[in-house]
Amino acid sequence: MKITAENDRCLSVELTGDDMRKLDITYEALDYANIETRRVLWTLLDEARRALGKSISLSDRLIIETTPVQQGGCRFVFTSVPEAGGGEKHLRLITRSSTLVWEFADANALLAFREKTVLPGDCRVAVYYKDGRFRAIASPAACAWETLLAAAEEFGRVLSMDEEKIAEMKERWQPVCQTLPLCQTVN
């Protein structure tokens, strides 16, 4: 287990495959609705507090990002984000695979996403439709992940879906566009 304080509001914990087995969890099983996932997250925060001698603020909104690493390991990034205006505090878990899936609030949100999103490279987004809902799927390069995630959250809701659920969605939802090109940045 490697624990790093990125700054006062952010810390990262990298686990090896052995660490994951000791905690009795897999990357695919991570789901905040699952009590075992919550147990692991709070165990990691407690270990980080002990190792670093300090902890990040849990009174603010806490965003937890997970990314799989080689040989069954996983990297967790815990970020405490102060809420402006004392809004509702909540915890958010983002599991990151090579595929990002999100659902748009409505067709107007899809159009706004298309018009306003600017990404580097040749990122393509597939859009699907079912029962009045639009979903998008993308596998962005590492350099575009944060930008696309921010845009997906601005215009919709990011979904936590494993490869099996994504395949099922592709079968049951109607494809609207398989290669929606996004606006490109000019270098």
Side-chain angles (χ1 to χ4, degrees), residues 6-7 9-13 27-28 30-34 37-38 41 44-45 56-69 74-163 165-166 168-170 173 175-185:
E6 307 294 335
N7 58 48
R9 297 202 167 271
C10 181
L11 62 91
S12 66
V13 179
Y27 177 80
E28 293 75 24
L30 291 173
D31 178 1
Y32 194 72
N34 179 317
T37 297
R38 286 182 280 179
L41 295 173
L44 294 177
L45 282 171
I56 61 174
S57 172
L58 298 179
S59 61
D60 297 323
R61 177 176 161 199
L62 184 62
I63 298 175
I64 305 167
E65 297 178 88
T66 64
T67 308
V69 295
C74 186
R75 181 172 190 258
F76 293 83
V77 178
F78 297 88
T79 307
S80 176
V81 181
E83 292 286 335
E88 181 181 325
K89 313 285 188 262
H90 61 280
L91 182 69
R92 188 154 153 247
L93 174 69
I94 301 170
T95 55
R96 183 181 298 180
S97 66
S98 60
T99 306
L100 181 63
V101 181
W102 67 99
E103 186 167 305
F104 294 99
D106 55 30
N108 289 331
L110 168 61
L111 293 174
F113 170 82
R114 170 60 183 96
E115 291 172 1
K116 296 178 182 176
T117 303
V118 178
L119 291 176
D122 60 352
C123 184
R124 300 285 180 187
V125 177
V127 178
Y128 293 84
Y129 174 82
K130 181 178 178 186
D131 300 330
R133 298 180 302 168
F134 292 92
R135 285 187 180 169
I137 299 174
S139 296
C143 62
W145 236 104
E146 294 300 323
T147 304
L148 186 57
L149 177 62
E153 290 177 329
E154 180 179 350
F155 298 102
R157 178 175 55 96
V158 175
L159 305 174
S160 180
M161 297 178 75
D162 60 24
E163 296 303 320
K165 288 181 183 176
I166 291 171
E168 182 179 314
M169 187 192 84
K170 286 179 177 180
W173 288 57
V176 173
C177 181
Q178 290 295 324
T179 55
L180 175 70
L182 300 176
C183 302
Q184 301 298 309
T185 58

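These figures come from a predicted structure and were not determined experimentally.
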Q: On the 0 to 90° scale, with breaks at 30° and 60°, tag the Phe113-Phe155 ring pair as parallel, tilted or perpendicular.
A: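 Ring orientation, 0 to 90° scale: perpendicular.
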
(Q) Can you tell me how the ring of Phe78 sits relative to the ring of Phe76, calling it parallel under 30°, perpendicular over 60° and tilted otherwise? (A)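 Judged by the thresholds at 30° and 60°, the geometry between Phe78 and Phe76 is parallel.
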
(Q) Arg114 vs Val127, test: side chain to side chain contact (heavy atoms under 4.5 Å, CB included). Steps then yes/no. (A) CA-CA 11 Å; Arg114 170 60 183 96; Val127 178; over 6 Å; no

Q. How would you list, by chain and number, every residue that makes a side chain to side chain donor-acceptor pair (under 3.5 Å) with Ser12, sequence neighbours excluded?
A.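 Ser12 satisfies side chain to side chain donor-acceptor pair (under 3.5 Å) with Glu6 only.
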
Q) Who passes side chain to side chain contact (heavy atoms under 4.5 Å, CB included) against Asp131, sequence neighbours left out? A)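 Side chain to side chain contact (heavy atoms under 4.5 Å, CB included) check on Asp131 returns nothing, list empty.
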
Q: Take Leu30 and Cys74 through the side chain to side chain contact (heavy atoms under 4.5 Å, CB included) test and state the conclusion after the steps.
A: CA-CA 10 Å; Leu30 291 173; Cys74 186; 4.1 Å; yes

Q: Go through the steps for Val125 and Trp102 under the test side chain to side chain contact (heavy atoms under 4.5 Å, CB included), then give the verdict.
A: CA-CA 11 Å; Val125 177; Trp102 67 99; 4.0 Å; yes

Q. Can you name the residues that form a salt bridge (Lys or Arg N to Asp or Glu O under 4.0 Å) with Arg157, not counting sequence neighbours?
A.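 Testing Arg157 for salt bridge (Lys or Arg N to Asp or Glu O under 4.0 Å), a comparison that skips the adjacent residues, returns none.
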
**Q.** Full working for side chain to side chain contact (heavy atoms under 4.5 Å, CB included) between Ile64 and Val77
**A.** CA-CA 6 Å; Ile64 305 167; Val77 178; over 6 Å; no

Q) Nearest heavy-atom pair of Asp106 and Phe134: which atoms, and what distance? A)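 That would be C-CD1, 4.4 Å.
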
Q: Using a 4.5 Å cut-off on heavy atoms from C-beta on, say whether the side chain of Tyr128 contacts that of Lys170.
A: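 Touching, per the 4.5 Å side-chain cut-off.
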
Q | Whether over 12 other heavy atoms sit under 6.0 Å from Lys165 NZ | A |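 Count not over threshold, so no.
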
